[in-house]
Amino acid sequence: MQPQRRTRAEMIEETRAKLVAAARIAFASQGFAHTSMDDFTAAAGLTRGALYHHFGNKEGLLLAVIEQIEAEVGDHLQAVSDAAPSPWEGFRRRCRTYLELALEPEIRRIILQDARAIFGDVPQAAQSVGIAALQTSLDGLIAEGVVAPLHTNVTARMIYGAVTEASFWIAEPEGDQEARLEQALEGLERLLGGLLIH
């Protein structure tokens with residue numbers, strides 16, 4: 001029996017996945033600016049032409065890597081939240097974990113340093129997903145009487161902005177990143193504590 005032939009769509013998806021995987025390793029270890037397109041396309045067994053065909057340019061490939069990492073981060077944050085003993089603790093741990101991820105080398109380099117240097121901010125799609133998750137949690141916490149009634153969309157945006165900016169600060173290459181994380185976590189606890197009905 002002959003092996004089943006792959007469709008064109010499957011071949012395209014396989015090529016894209018190879019490029020993203022190779023780029024992700026290269027960007028994390030060398031940084032975006034110092035990554036040679038020829039080196040990582042060769043590592044993937046592909047050509048520079050394949051990169052241009054599928055992603056347009058190196059920045060397009062970086063965006064695809066960012067989207068993949070952001071999706072993984074979102075899944076991880078949801079798992080952390082779901083595993084918590086209460087909805088409030090899930091919300092709290094979700095925010096704390098986001099800050100702690102700023103010390104992960106791949107996230108620090110690709111998302112918090114290179115992405116900001118190239119694009120100026122977190123991609124809009126990732127922001128929307130993060131804000132929506134926080135808003136859903138806040139809606140539930142208000143319904144349960146844990147958090148005082150407030151405008152959840154605005155509050156979710158404010159918390160997202162605070163946590164994201166703190167993550168960029170933690171990830172800065174100079175200085176003590178662990179000390180900055182501790183300071184950010186302390187600030188976060190005070191910020192979130194103000195939401196509770198006492």
Side-chain angles (χ1 to χ4, degrees), residues 1-83 94-95 97-134 157 160-161 163-174 177 181:
M1 192 166 119
Q2 286 190 331
Q4 195 173 19
R5 290 185 57 150
R6 291 179 302 159
T7 66
R8 178 165 168 70
E10 287 171 336
M11 291 168 65
I12 288 170
E13 190 49 46
E14 183 182 324
T15 300
R16 286 179 61 87
K18 279 184 182 177
L19 283 166
V20 169
R24 188 168 169 170
I25 292 166
F27 293 158
S29 60
Q30 301 160 34
F32 178 80
H34 299 293
T35 295
S36 158
M37 291 191 291
D38 291 329
D39 289 347
F40 76 73
T41 51
L46 299 163
T47 64
R48 187 189 279 217
L51 183 154
Y52 289 126
H53 177 72
H54 292 284
F55 298 100
N57 54 27
K58 192 174 164 188
E59 287 79 7
L61 183 54
L62 176 60
L63 267 178
V65 170
I66 291 167
E67 285 169 10
Q68 186 180 74
I69 294 172
E70 288 285 0
E72 291 169 10
V73 167
D75 290 345
H76 178 63
L77 293 176
Q78 191 59 51
V80 165
S81 183
D82 291 345
R94 179 185 202 98
C95 295
T97 301
Y98 193 92
L99 291 176
E100 289 163 355
L101 288 173
L103 295 186
E104 290 289 324
E106 181 183 57
I107 291 171
R108 187 176 68 234
R109 186 69 178 261
I110 296 174
I111 304 294
L112 299 173
Q113 292 175 358
D114 285 350
R116 191 170 220 193
I118 304 301
F119 301 115
D121 210 341
V122 177
Q124 189 65 45
Q127 288 183 35
S128 299
V129 169
I131 291 166
L134 291 172
R157 289 173 184 279
Y160 181 87
V163 172
T164 302
E165 280 303 315
S167 295
F168 284 128
W169 175 66
I170 293 164
E172 287 175 4
E174 299 79 25
Q177 293 163 339
L181 172 61

Give a yes or no answer on whether the side chain of Gln113 reaches the backbone of Ala171 with a donor-acceptor pair at less than 3.5 Å.
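Yes.
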
Sidechain-backbone polar pair: Arg108 side chain, Ile170 backbone, donor-acceptor under 3.5 Å
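No.
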
Ring geometry between Phe32 and Phe27 (parallel below 30°, tilted from 30 to 60°, perpendicular above 60°)
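Tilted, since the angle between the ring planes falls between 30° and 60°.
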
Side-chain contact, heavy-atom cut-off 4.5 Å: [X] with [Y]?
X	Y	result
Thr41	Thr47	no
Ile107	Leu112	yes
Thr164	Tyr98	yes
Met37	Leu61	no
Glu67	Val20	no

Which residues pass the salt bridge (charged side-chain N to carboxylate O under 4.0 Å, His left out) test with Asp39, sequence neighbours left out?
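In terms of salt bridge (charged side-chain N to carboxylate O under 4.0 Å, His left out), with neighbours along the sequence ignored, Asp39 is linked to no residue.
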
Taking only residues two or more places apart in sequence, or in another chain, which ones meet Glu172 in a side-chain contact (heavy atoms from CB on, under 4.5 Å)?
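Listed in chain order: Trp169, Arg180.
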
Residues Val129, Glu70; criterion side-chain contact (heavy atoms from CB on, under 4.5 Å); working and verdict
CA-CA 9 Å; Val129 169; Glu70 288 285 0; over 6 Å; no

Residues Glu72 and Arg24 bridged, charged N to O under 4.0 Å
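Yes, charged N to carboxylate O under 4.0 Å.
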
For a side-chain contact (heavy atoms from CB on, under 4.5 Å) check, start with the C-alpha distance between Ser81 and Thr97, then their side-chain angles and the critical distance, and finish with the verdict.
CA-CA 9 Å; Ser81 183; Thr97 301; over 6 Å; no

